[in-house]
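Since the structure comes first, as structure tokens, the remarks are kept for the end.
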Amino acid sequence: MRIAIIYATTEGQTQKVCLFVQKVLLEIGHSVALLPAASAKDVSASEFDACIPAASVHAGLYQKDLIAWAKQNAAGLAGRPTLFLSVSLSAAGDRDEDWTELGRIVERLAEDTGWTPARTEHVAGAFRFSEYDFFKSWAMRWIESERDPGAKPGTDREYTDWSKLDAAIRDWTAAIAGGT
């Protein structure tokens, strides 16, 4: 199967997630095109058997490049199997209000683009203090202290559950191969 992974990333975790997904899909035997949304303006979802758009949540929004690509490709995405990877720090937790908000953010994506993902996988993100400027570092330290009080302040920390993501990708590909 030919699968497109179109992603947008701010600090690099979504790209890292997509590289991992690409590796899993290649292991399974699929053909994969991995492209940043900013470079995929002329890439049509209809050229592929399935699509995996991916973006990260920042201040309740996904990156504009991914939104624009999904909007441009809404009809093509609706006509094939899709798996939307939503990367966020909220996905690392178990607070009901965070999960409710993540659901709203995906609903907003559907409203903004005209495309509703067939399946969404929420993937836990990462703190990248080594890449933040002073102000973002300060804000993210506050978030970290609220969400993970045991974390060493200001230290990069990855929350992505790679084995869970691997299982989700394998489950999705098996389901679409079986026509379910």
**Message:** Give me the atom names and distance for the closest heavy-atom approach of Ala126 to Glu158.
**Reply:**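 Looks like CB-CA, 3.8 Å.
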**Request:** For Ala54 and Cys18, work out which heavy atoms get closest and say how close.
**Result:**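 Looking at all heavy atoms of both residues, the shortest contact is CB-SG, 3.5 Å.
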**Message:** Asp171 vs Arg119, test: side-chain contact (heavy atoms from CB on, under 4.5 Å). Steps then yes/no.
**Reply:** CA-CA 11 Å; Asp171 177 68; Arg119 177 173 167 175; 2.7 Å; yes
**Prompt:** Which value, rounded to the nearest 0.5 Å, describes the distance between Leu66 atom CG and Lys71 atom NZ?
**Reply:**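 NZ of Lys71 is found 13.5 Å from CG of Leu66.
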**Message:** Return the CD1 to OG1 distance between Ile28 and Thr173, rounded to the nearest 0.5 Å.
**Reply:**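 Reported value, rounded in 0.5 Å steps: 3.5 Å.
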Between [X] and [Y], is there a shared hydrophobic cluster once you connect ILVMFWY residues whose side-chain heavy atoms come closer than 4.5 Å?
X      : Y      : answer
Leu102 : Leu61  : no
Leu26  : Trp172 : yes
Ile176 : Val32  : yes
Ile67  : Val87  : no
Val106 : Val123 : no

**Message:** Is any side-chain heavy atom of Ile3 closer than 4.5 Å to one of Ile52?
**Reply:**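 Side chain of Ile52 against side chain of Ile3, heavy atoms only: contact under 4.5 Å found.
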**Item:** Flag side-chain contact, heavy atom, 4.5 Å: Leu109 against Ile105
**Value:**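 No, their side chains stay 4.5 Å or more apart.
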**Request:** Indicate whether any N or O donor in one side chain lies under 3.5 Å from an N or O acceptor in the other, for Ser90 and Glu101.
**Result:**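 The answer is no; no qualifying pair exists.
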**Request:** Report the C-alpha distance between Tyr7 and Leu34 in whole Å, list the side-chain angles of each, state the deciding distance to 0.1 Å, and finish with yes or no for side-chain contact (heavy atoms from CB on, under 4.5 Å).
**Result:** CA-CA 8 Å; Tyr7 70 93; Leu34 174 67; 3.7 Å; yes
**Item:** Pair Leu83-Val21, side-chain contact (heavy atoms from CB on, under 4.5 Å): steps then yes or no
**Value:** CA-CA 11 Å; Leu83 171 62; Val21 169; over 6 Å; no
**Asked** Between Tyr62 and Phe84, how do the two ring planes meet: parallel, tilted or perpendicular, split at 30° and 60°?
**Response**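 Geometry flag for Phe84 against Tyr62: perpendicular rings.
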**Derivation of the side-chain contact (heavy atoms from CB on, under 4.5 Å) call for Asp166 and Trp162** = CA-CA 6 Å; Asp166 182 281; Trp162 299 107; over 6 Å; no
